[in-house]
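Taking it in order: structure first as structure tokens, then the write-up.
Values in this document were obtained by computation on a predicted structure and should not be read as measured data.
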Amino acid sequence: MMNNIVFATNNENKLREAREILSPLGIEVISQREAGADCDPEENGIDFAENALIKARAVYEIVKCPVIADDSGLCVDALDGRPGVFSARYAPKGQECTKLLSEMKDIPDDKRGAYFKCTIAYIDSDGYFTVSGKCVGKIDYEEHGTNGFGYDPIFIYGDKTLAEMSAEDKNKISHRGNALQRLYDELKKKGE
Ligand code: ITT
């Protein structure tokens, strides 16, 4: 099984979580910056898988070694799945929680369901595949906790927000954690 993968992302938090999950499994995650692939392609796909593939392909063209990319977002039931693939562009960085809380202010408890989705695209010289993971929870009424990033302070899983969990606990149940576990299983099968 291969031991080095380039992660096509400019998001330091995704990179950290992928390392926390994959390095104990013996896979070293190299950032696209470390690999010398400076790119930020337009994410104009219609879903998470298309966008993940766009990012993975752009870096694969440069590095020509195994690459992963992660496209993810928060899908809110009461907003018909928004912000979804537009999660990164929904509000200026650091204001996403405030904006979503205000959109959700009149939504009652039983209609606050939401899920995070993460799709990871993997490419090497044999071709590509995608794997996905989900994390189902609900939207809080205010921010709680300071760990994590993005929408973590307003996403409740069980009795805590993701920002109130340790990195280790978040990784066990998160959309990214689930998708990376599936990636690992596929790579193991491929290497057998
Ligand atoms: P790259 O495209 O460079 O990987 P990005 O941040 O632009 O980085 P996306 O286009 O996939 O990535 O946008 C995902 C957004 O969804 C991200 O910016 C967060 O706002 C949100 N998001 C994804 N995973 C999250 C998580 O685990 N916790 C909180 N917010 C998350």
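Annotation: cation-pi geometry not satisfied between K117 and F48 (NZ/CZ under 6.0 angstrom from ring centroid, within 45° of ring axis).
For R33, the CZ atom counts as loosely surrounded, since its 6.0 Å shell holds 12 or fewer non-hydrogen atoms of other residues, nucleotides or ligands. Heavy-atom contacts from other residues, nucleotides or ligands closer than 6.0 Å to CG of D126 number more than 12. Surrounding CG of N44 are more than 12 heavy atoms belonging to other residues, nucleotides or ligands, all under 6.0 Å away.
Hydrophobic clustering (side-chain heavy atoms under 4.5 Å, transitive across Ile, Leu, Val, Met, Phe, Trp, Tyr) groups V76 together with I107. Under the 4.5 Å side-chain contact rule for hydrophobic residues, L15 and I123 do not share a cluster. The hydrophobic cluster containing L53 also contains V63, counting ILVMFWY residues as joined when their side-chain heavy atoms lie under 4.5 angstrom apart, directly or transitively. The cluster map of Ile, Leu, Val, Met, Phe, Trp and Tyr, joined by side-chain heavy atoms under 4.5 Å apart, puts Y184 and L180 in the same cluster. V6 and V29 fall into different hydrophobic clusters, defined by Ile, Leu, Val, Met, Phe, Trp and Tyr side-chain heavy atoms under 4.5 Å apart, directly or through other members.
In this structure, I156 and L162 have side chains that are not in contact, with every pair of non-hydrogen atoms separated by 4.5 Å or more. At a threshold of 4.5 Å between non-hydrogen side-chain atoms, the residues P153 and T146 do not count as touching. Residues E143 and L101 meet the side-chain proximity criterion, which asks for heavy atoms closer than 4.5 Å. Looking at heavy atoms from C-beta onward, I27 lies in side-chain contact with L187 at the 4.5 angstrom threshold. Side-chain contact between N4 and C65: absent, with no pair of heavy atoms (C-beta onward) separated by less than 4.5 Å. Side-chain contact check for L100 versus L79: some heavy-atom pair is nearer than 4.5 Å.
Partner of C97 under the side-chain contact (heavy atoms from CB on, under 4.5 Å) criterion, out of I154, D140, I139, T161: I154 alone. When each of K188, K189, K190 is paired with E186, the side-chain hydrogen bond (donor to acceptor under 3.5 Å, both in side chains) condition holds for K189 and for no other.
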**Request:** Mind running side chain to side chain donor-acceptor pair (under 3.5 Å) on E20 and N171 for me, showing each step along the way?
**Result:** CA-CA 8 Å; E20 286 162 358; N171 290 340; 2.8 Å; yes
**Message:** For a side chain to side chain donor-acceptor pair (under 3.5 Å) check, start with the C-alpha distance between Q32 and N10, then their side-chain angles and the critical distance, and finish with the verdict.
**Reply:** CA-CA 8 Å; Q32 70 173 54; N10 293 305; 3.2 Å; yes
**Item:** Worked verdict on S31 versus F7 for side-chain contact (heavy atoms from CB on, under 4.5 Å)
**Value:** CA-CA 5 Å; S31 69; F7 191 174; 5.8 Å; no
**Prompt:** Please walk me through it: do K138 and M104 pass side-chain contact (heavy atoms from CB on, under 4.5 Å)?
**Reply:** CA-CA 11 Å; K138 59 184 187 174; M104 294 289 290; over 6 Å; no
**Request:** Kindly indicate, with the supporting measurements, whether the criterion side-chain contact (heavy atoms from CB on, under 4.5 Å) is fulfilled by C39 and V59.
**Result:** CA-CA 7 Å; C39 63; V59 170; 3.6 Å; yes
**Request:** Check the pair I68, T9 against side-chain contact (heavy atoms from CB on, under 4.5 Å), reporting the backbone distance first and the verdict last.
**Result:** CA-CA 9 Å; I68 54 169; T9 183; over 6 Å; no
**Request:** Run the numbers on D70 and R176 for salt bridge (Lys or Arg N to Asp or Glu O under 4.0 Å), then give the verdict.
**Result:** CA-CA 8 Å; D70 160 321; R176 185 161 299 102; 2.6 Å; yes
**Prompt:** Would R82 and E103 count as a salt bridge (Lys or Arg N to Asp or Glu O under 4.0 Å) if you check the C-alpha gap in whole Å, the side-chain angles of each, and the deciding distance to 0.1 Å?
**Reply:** CA-CA 11 Å; R82 282 193 303 114; E103 269 207 82; 2.7 Å; yes
**Asked** Could you go step by step and tell me if K170 and D152 meet the salt bridge (Lys or Arg N to Asp or Glu O under 4.0 Å) rule?
**Response** CA-CA 10 Å; K170 177 185 169 185; D152 284 346; 2.9 Å; yes
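A salt bridge does not link K93 to E12: none of the charged nitrogens lies less than 4.0 Å from a carboxylate oxygen. One finds a salt bridge joining D169 and K172 here, because a Lys/Arg side-chain nitrogen approaches an Asp/Glu carboxylate oxygen to under 4.0 Å. With salt bridges taken as basic N to acidic carboxylate O contacts below 4.0 Å, none links K55 and D40.
Summarising the geometry, atom SG belonging to C118 is positioned 7.0 Å from atom NZ belonging to K14; distances are rounded to the nearest 0.5 Å. If you take CG on L183 and CD on Q181, they are separated by 9.5 Å, rounding to the nearest 0.5 Å. Going from atom NZ of K160 over to atom CE of M165 covers 6.5 Å, rounded to the nearest 0.5 Å. Rounded to the nearest 0.5 Å, atoms CG (D77) and OH (Y115) are 8.0 Å apart.
Of all the heavy atoms in A179 and S132, the pair that sits closest is CB-C, 3.8 Å. Closest of all the heavy-atom pairs between P41 and A58 is CG-CB, 3.8 Å. Among all heavy-atom pairs drawn from A91 and K99, the shortest one is CB-CD, 3.9 Å. Closest approach of A69 and A56 over heavy atoms only: CB-N, 3.5 Å. Heavy atoms only, all atoms of each residue included: R89 and V85 are closest at NH2-O, 3.2 Å. Here the closest non-hydrogen pair linking S87 and S72 is CB-O, 4.4 Å.
One N or O on the side chain of N178 and one on the backbone of K134 form a donor-acceptor pair closer than 3.5 Å.
Screening residues 123-173 for ring pair (Phe, Tyr, Trp, His ring centres under 6.0 Å), with sequence neighbours left out, gives F116-F155, Y122-F129.
Checking T119 against T130 by side-chain atom types alone, no donor-acceptor pair falls below 3.5 Å.
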